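Numbering of residues begins at 1 and proceeds along the displayed sequence. Every value quoted in this text rests on a predicted model; they were computed, and no experiment measured them.
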Amino acid sequence: MLNLVMTTRQPCAKVTERFLVSLDAQPQEIKDRLRLIAVIQSEDELCVSPKIRELKVLHVKPCSLSAARNAGIKEIPDEESGVIAFPDDDCWYNPTVVSAALENLKEYDFVSMGIYDPIKRKGFGKHRTLNEKCVLNEANVLLKPISVSIFCKFRDKKEIPLFDEKFGVGTDWGSGEETDFLLQLLYTGKRGFYDSTDAVFHETDREKDFDAAVTYKYSVGFAAMAVKSLVLRGQKKAYAQFKKLMTRSRLARIYYALKPARKAVYVARLKGFKRGLKEGRAYYKGYDNE
C-alpha cells in the first residue's frame, strides 16, 4: 500500500483541490495502491474525493504539522508493509513522479524526488538541481530533500519514525522535522537516494519565502535540529554541513548589504540560527554524546 499522509487546515481550498485532482491523474496501477490519509485540522470536509483505493479522513484539533503527521502515521494498520509519503496540501503530483519514486525504492529505503514549479518553470532552491541523481548522506540530506518529495518504504509500521513534535510549523522550533526524520533513518542504517530527473510540483518564490519573520522561525528549528543530530546521534558530518550553511549566511548578509530586503532575510536567518543553537544546546545539555 502507498500511504499519503496529507495534513491541511483548508480542505476546500483551490490548492488542496489541485492536489486531490492530481491523484486522479495517476496511472491506474498507482491509484489501485493509493491510500490517502487526510488529517484535517478543522470540521470542514474535502472538496474532492479522489478515485483511489482508500480514503481515510481524520479530523483533529489545530496542532503542529509534526503532530498532525504523526496522527496520520498512526492510522496505518499495524504490521502492514508499504510506502509512506508526506505531501503538503499545496503541492501536486505529475502523472509520472510516483511511479519514478517507487522504481527507486526497489533499491533504496527512501528517496527524495525533485521539486519543480511548472508555473514559473524553475526548481526549488539552488541546492536542489534538476536532473541529478546521488546517494543521500549526512551532509547532503540537509540540502536536498523537502518533505513533499520524500517517499519511504517500510516492512511494518514500527519502522516509520514519528516526527519529533518539538520541531516544525506550529512550534517554537519552526522547521527541521523532515531533516530530523531522514537523519534518523540514516542513523538506523537506511539507504537514501536523491533523484530529480522527475519531480513533485510545488510553487516557489512565494511571498513567505522572502519574509524575514518566517525565515527566522524556520532557522531556529533548523539549528536546534542540527544540535540534536550531533548530541543524540553523533552525526558530526550533518552538524558540519549546518555550520557551512551558517557561514554562507554570514557572507550573504555582507553581499546583499546594499539590498535591504535581501539582507534582512539573511540577518533573520543568522539570528534564528544563533537562537536555535543556544536553545538546542540548553535542551540537550543532559545527554552524553555532545
Can you label the angle between the His202 ring and the Phe124 ring as parallel, tilted or perpendicular, going by 30° and 60°? perpendicular
Within this structure, what is the [atom1]-[atom2] distance for the pair [X] and [Y], rounded to the nearest 0.5 Å?
X      : Y      : atom1 : atom2 : value
Tyr266 : Ile254 : OH    : CD1   : 13.0 Å
Met225 : Asp164 : CE    : CG    : 11.0 Å
Asp195 : Cys134 : CG    : SG    : 9.5 Å
Lys271 : Thr215 : NZ    : OG1   : 13.0 Å

Using distance alone, with no hydrogens and no angle criterion, decide if Asp32 and Gln28 have a side-chain donor and acceptor under 3.5 Å apart. yes
Test your reading of the model: is there a side-chain donor-acceptor pair from [X] to the backbone of [Y], 3.5 Å cut-off?
X      : Y      : value
Arg275 : Ser219 : no
Glu138 : Ala238 : yes
Ser81  : Asp156 : no
Ser149 : Ser112 : no
Asp88  : Cys91  : no
Asn140 : Asn137 : yes
Asn70  : Ile73  : no
His59  : Ser42  : yes
Lys144 : Leu136 : no
Thr179 : Leu142 : no

Taking NZ, NE, NH1 and NH2 as the nitrogens, is one of them in [X] or [Y] under 4.0 Å from a carboxylate oxygen of the other?
X      : Y      : value
Arg69  : Glu177 : yes
Asp109 : Arg155 : no
Lys166 : Glu279 : no
Lys122 : Asp117 : no
Asp211 : Lys217 : no

Assess whether atom [atom1] of [X] is packed by more than 12 heavy atoms of other residues, nucleotides or ligands within 6.0 Å.
X      : atom1 : value
Glu29  : CD    : yes
Leu258 : CG    : no
Lys236 : NZ    : no

Any chance the rings of Tyr93 and Phe19 have centres within less than 6.0 Å? yes
With a 6.0 Å cut-off on ring centres, are Phe181 and Phe86 close enough? yes
Under the side chain to side chain donor-acceptor pair (under 3.5 Å) definition, can you give me all pairs with a residue in residues 11-27, not counting sequence neighbours? Arg18-Glu203
Which residue in the set Leu20, Val48, Asp44, Val57 passes side-chain contact (heavy atoms from CB on, under 4.5 Å) when paired with Pro11? Asp44
I want to check something: taking the side chain as every heavy atom from C-beta on, are Leu230 and Tyr284 in contact at a cut-off of under 4.5 Å? no
For the student: nearest non-hydrogen atoms of Cys63 and Ala68, plus distance: SG-N, 3.7 Å
According to salt bridge (charged side-chain N to carboxylate O under 4.0 Å, His left out), does anything in residues 237-256 pair up with another residue at least two apart or in another chain? List the pairs. none
Does Ile30 share a hydrophobic cluster with Phe201, counting links as ILVMFWY side-chain heavy atoms below 4.5 Å and allowing steps through other members? no
